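Note that the structure is predicted; figures quoted are calculated from it, not measured.
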Number of protein chains: 2
Amino acid sequence: MDTDQKIMQIPLPTLKRLPIYYQYLTKMEREGVRDVSCAKIARDLGLVAVQVRKDLQLTGAVGRPKTGYQVSRLMRALSSTLGYDNKTEMFLVGAGSLGKALMGYKRFQEYNIGIAAAFDASEAAVGLEIGGTPVLPLSKFPSLCHRMHVKFGVICVPAEAAQEVADMMVSSGIEAIWNFAPVTLDVPDTVIVHNENLTASLSILLNKYKTSHPESERD
Amino acid sequence: MDTDQKIMQIPLPTLKRLPIYYQYLTKMEREGVRDVSCAKIARDLGLVAVQVRKDLQLTGAVGRPKTGYQVSRLMRALSSTLGYDNKTEMFLVGAGSLGKALMGYKRFQEYNIGIAAAFDASEAAVGLEIGGTPVLPLSKFPSLCHRMHVKFGVICVPAEAAQEVADMMVSSGIEAIWNFAPVTLDVPDTVIVHNENLTASLSILLNKYKTSHPESERD
DNA sequence: TTAGTATCGATATAATATTATCGATATAAA
DNA sequence: TTTATATCGATAATATTATATCGATACTAA
Ligand SMILES: NC(=O)c1ccc[n+]([C@@H]2O[C@H](COP(=O)([O-])OP(=O)(O)OC[C@H]3O[C@@H](n4cnc5c(N)ncnc54)[C@H](O)[C@@H]3O)[C@@H](O)[C@H]2O)c1
Ligand SMILES: NC(=O)c1ccc[n+]([C@@H]2O[C@H](COP(=O)([O-])OP(=O)(O)OC[C@H]3O[C@@H](n4cnc5c(N)ncnc54)[C@H](O)[C@@H]3O)[C@@H](O)[C@H]2O)c1
């Protein structure tokens, strides 16, 4: 009906799958595939076709009977829904080993995402440049953040320092935080926090393994 | 009734919250807190009390009216459920920037998890030692894996190489894979794969931000 | 042109997860 | 001792998510 991207609330489980579809389609496109059906996507990604179809419907994508979805159009629908259309500039705090890995990760560019600058409290880190991104003194964060209108912050400091960094980010104008520290941050509810808790995530694997291998349960 | 840890299938949403409770309790314990109620846990973690109670019930934890749960006992229930009781040794492949960050991460030890060795195809990486973990030539993986009965593999290689690494892991006896490469791995269904797709995860934040800030939606 | 078929889109059903409610019980205070 | 209350544990109700089904449609090939 209307071709504009409608802003709608997408269920979280679906939202988690959308980027997977996008990454998959990137590969298809590289391989020269023009059209793709829900059945094929589902087969390749270990899902079921109805679910894929229902997910894609939420992005406004429209397919055709018998042929499926046009890859390029489907990718446009997904990238619009996922926010890859607009450039996303992030400020990262904590240029330790994890922070540096993120700073050096080239593929964020494919999604129009960039780490504009990193900040660290340590003398040793300040002055470094990783993947073209400079590490600046923490004290510069508030002014630069306001000046550049940066809205996304990445927290890569030790757990103990995470809350104070979050506070500083919020007071500097940050509105969305990608948090790698294993703590629950307390922020105003106008600020969105997305936790990347790697240890918690690994724990899921441990439990799944344990559940599927009850014999290893000695003691 | 029976104090033994019963092996049961825990719903995935609950399983994702359990490690968060554990990390939270670690903090409480450090602060000298003896008992804690679902209401308090919920308040501090931004959840609702009933959900916390129901989650904890699945670990076999038992509380007392009026006082709540004993922190130490609750942590034991959680660590048993999450598999922290048994030592987990992992082999990591791909000692690049992300792999090195994981190798150097000290806090895995708190969960009885360790990276026993890392492997890399590049001459430059082989021979390094990060956080006490050596980087070995990839060719050593199969024999060492069999010999040491390592069951957990971590994939930190570029996307293009991930499937071949997974194949090698499976044929070497690996039964659970923590995969950081943004691809869907094809493995026998006796092997458990847990994907850590950081870009996909970040995309969720982009969408949430976009949805909550429709005004920034200028074309 | 017609028949056959793969696929979408919509709707209906089933499964799962969250939230509400309430009685039972342990502690603390009157 | 009795009363008040915070909390658990269980059950019930609701909400959300996943899956099944089926008609409509576009392509293919007879
Ligand atoms: N490295 C991993 O593999 C890994 C895994 C899971 C979780 N994490 C979490 O990610 C975060 C970062 O981990 P890491 O391994 O990179 O740690 P790290 O110690 O290597 O780096 C932390 C960096 O933060 C800086 N820093 C400390 N306090 C600061 C402050 N108040 N303001 C600004 N900078 C400050 C330090 O100078 C350092 O450069 C931690 O919260 C950690 O728990 C890391
Ligand atoms: N660095 C990040 O922040 C980040 C973010 C998101 C996803 N990832 C993903 O994590 C993975 C690793 O990323 P990275 O930044 O550490 O990459 P990297 O290039 O720094 O490291 C990759 C390492 O893998 C090794 N390698 C390549 N092919 C191999 C093979 N066949 N066998 C063994 N070793 C091999 C390389 O020698 C290198 O040491 C990639 O799949 C990447 O997409 C990384």
Side-chain angles (χ1 to χ4, degrees), chain A residues 1-3 6 8-18 20-21 24-25 28 33-75 77-78 81 204 207-208 211, chain B residues 1-3 6 8-21 25 28 33-75 77-78 81 204 207-208 211:
Chain A
M1 206 143 291
D2 59 342
T3 46
K6 210 177 291 158
M8 58 171 79
Q9 185 71 7
I10 291 181
L12 193 57
T14 292
L15 194 48
K16 283 181 181 167
R17 288 186 295 266
L18 295 185
I20 315 289
Y21 299 140
Y24 170 80
L25 291 169
M28 287 299 112
V33 176
R34 280 277 176 75
D35 301 278
V36 68
S37 70
C38 290
K40 176 164 169 52
I41 296 175
R43 207 173 326 115
D44 290 346
L45 297 180
L47 303 168
V48 296
V50 226
Q51 185 167 58
V52 174
R53 199 174 308 128
K54 216 155 170 262
D55 286 346
L56 296 182
Q57 265 165 19
L58 291 170
T59 68
V62 31
R64 330 173 62 181
K66 189 83 179 189
T67 52
Y69 298 85
Q70 196 181 325
V71 172
S72 58
R73 295 217 307 151
L74 188 47
M75 287 184 75
L78 282 163
T81 304
I204 297 171
N207 174 281
K208 282 190 188 164
T211 307
Chain B
M1 207 142 292
D2 58 341
T3 46
K6 210 177 293 159
M8 56 171 79
Q9 185 71 8
I10 291 180
L12 193 56
T14 293
L15 192 49
K16 284 182 181 167
R17 287 187 295 267
L18 294 184
I20 314 289
Y21 299 139
L25 290 169
M28 289 298 112
V33 176
R34 280 278 175 74
D35 301 278
V36 66
S37 70
C38 289
K40 175 163 170 54
I41 297 176
R43 207 173 328 113
D44 291 346
L45 297 181
L47 303 169
V48 296
V50 226
Q51 184 167 59
V52 174
R53 198 173 309 126
K54 218 160 170 258
D55 286 346
L56 296 181
Q57 265 166 16
L58 290 169
T59 68
V62 31
R64 329 175 61 178
K66 189 86 177 188
T67 52
Y69 298 85
Q70 196 181 328
V71 172
S72 58
R73 297 217 308 150
L74 188 47
M75 287 185 75
L78 282 163
T81 304
I204 296 170
N207 175 279
K208 281 190 188 162
T211 307

Answer yes or no: is there a side-chain heavy-atom contact under 4.5 Å between [X] and [Y]?
{"X": "B/Leu45", "Y": "B/Tyr21", "answer": "yes"}
{"X": "A/Asp55", "Y": "A/Pro13", "answer": "no"}
{"X": "B/Leu12", "Y": "A/Lys208", "answer": "yes"}
{"X": "A/Leu56", "Y": "A/Ile41", "answer": "yes"}
{"X": "B/Arg17", "Y": "B/Leu47", "answer": "yes"}

Taking [atom1] from [X] and [atom2] from [N], how many angstroms apart are they, rounded to a whole number?
{"X": "A/Lys66", "N": "C/dT7", "atom1": "NZ", "atom2": "C1'", "result": "8 Å"}
{"X": "B/Leu47", "N": "C/dA20", "atom1": "CG", "atom2": "P", "result": "13 Å"}
{"X": "A/Lys40", "N": "C/dT7", "atom1": "NZ", "atom2": "C1'", "result": "15 Å"}
{"X": "A/Lys54", "N": "C/dT13", "atom1": "NZ", "atom2": "P", "result": "15 Å"}

Touch class at under 4.0 angstrom, heavy-atom based, for A/Arg64 against every strand present: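 Sugar-phosphate, no base atom in range.
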Sugar-phosphate only, base, or nothing, as touched by B/Val48 at under 4.0 Å among non-hydrogen atoms: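 Sugar-phosphate contact only.
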Start and end of the DNA chain D segment that chain A contacts, any atom under 4.0 Å from a heavy atom: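 Taking any atom under 4.0 Å from a heavy atom of chain A, the span is D/dT17 to D/dC27.
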B/Thr67 and B/Asp35 side chains, donor-acceptor separation under 3.5 Å: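 B/Thr67 and B/Asp35 do not have a side-chain donor-acceptor pair below 3.5 Å.
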Residue met sooner reading DNA chain D from 5', once B/Ala49 and A/Pro13 are mapped to nucleotides: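 This one resolves to B/Ala49.
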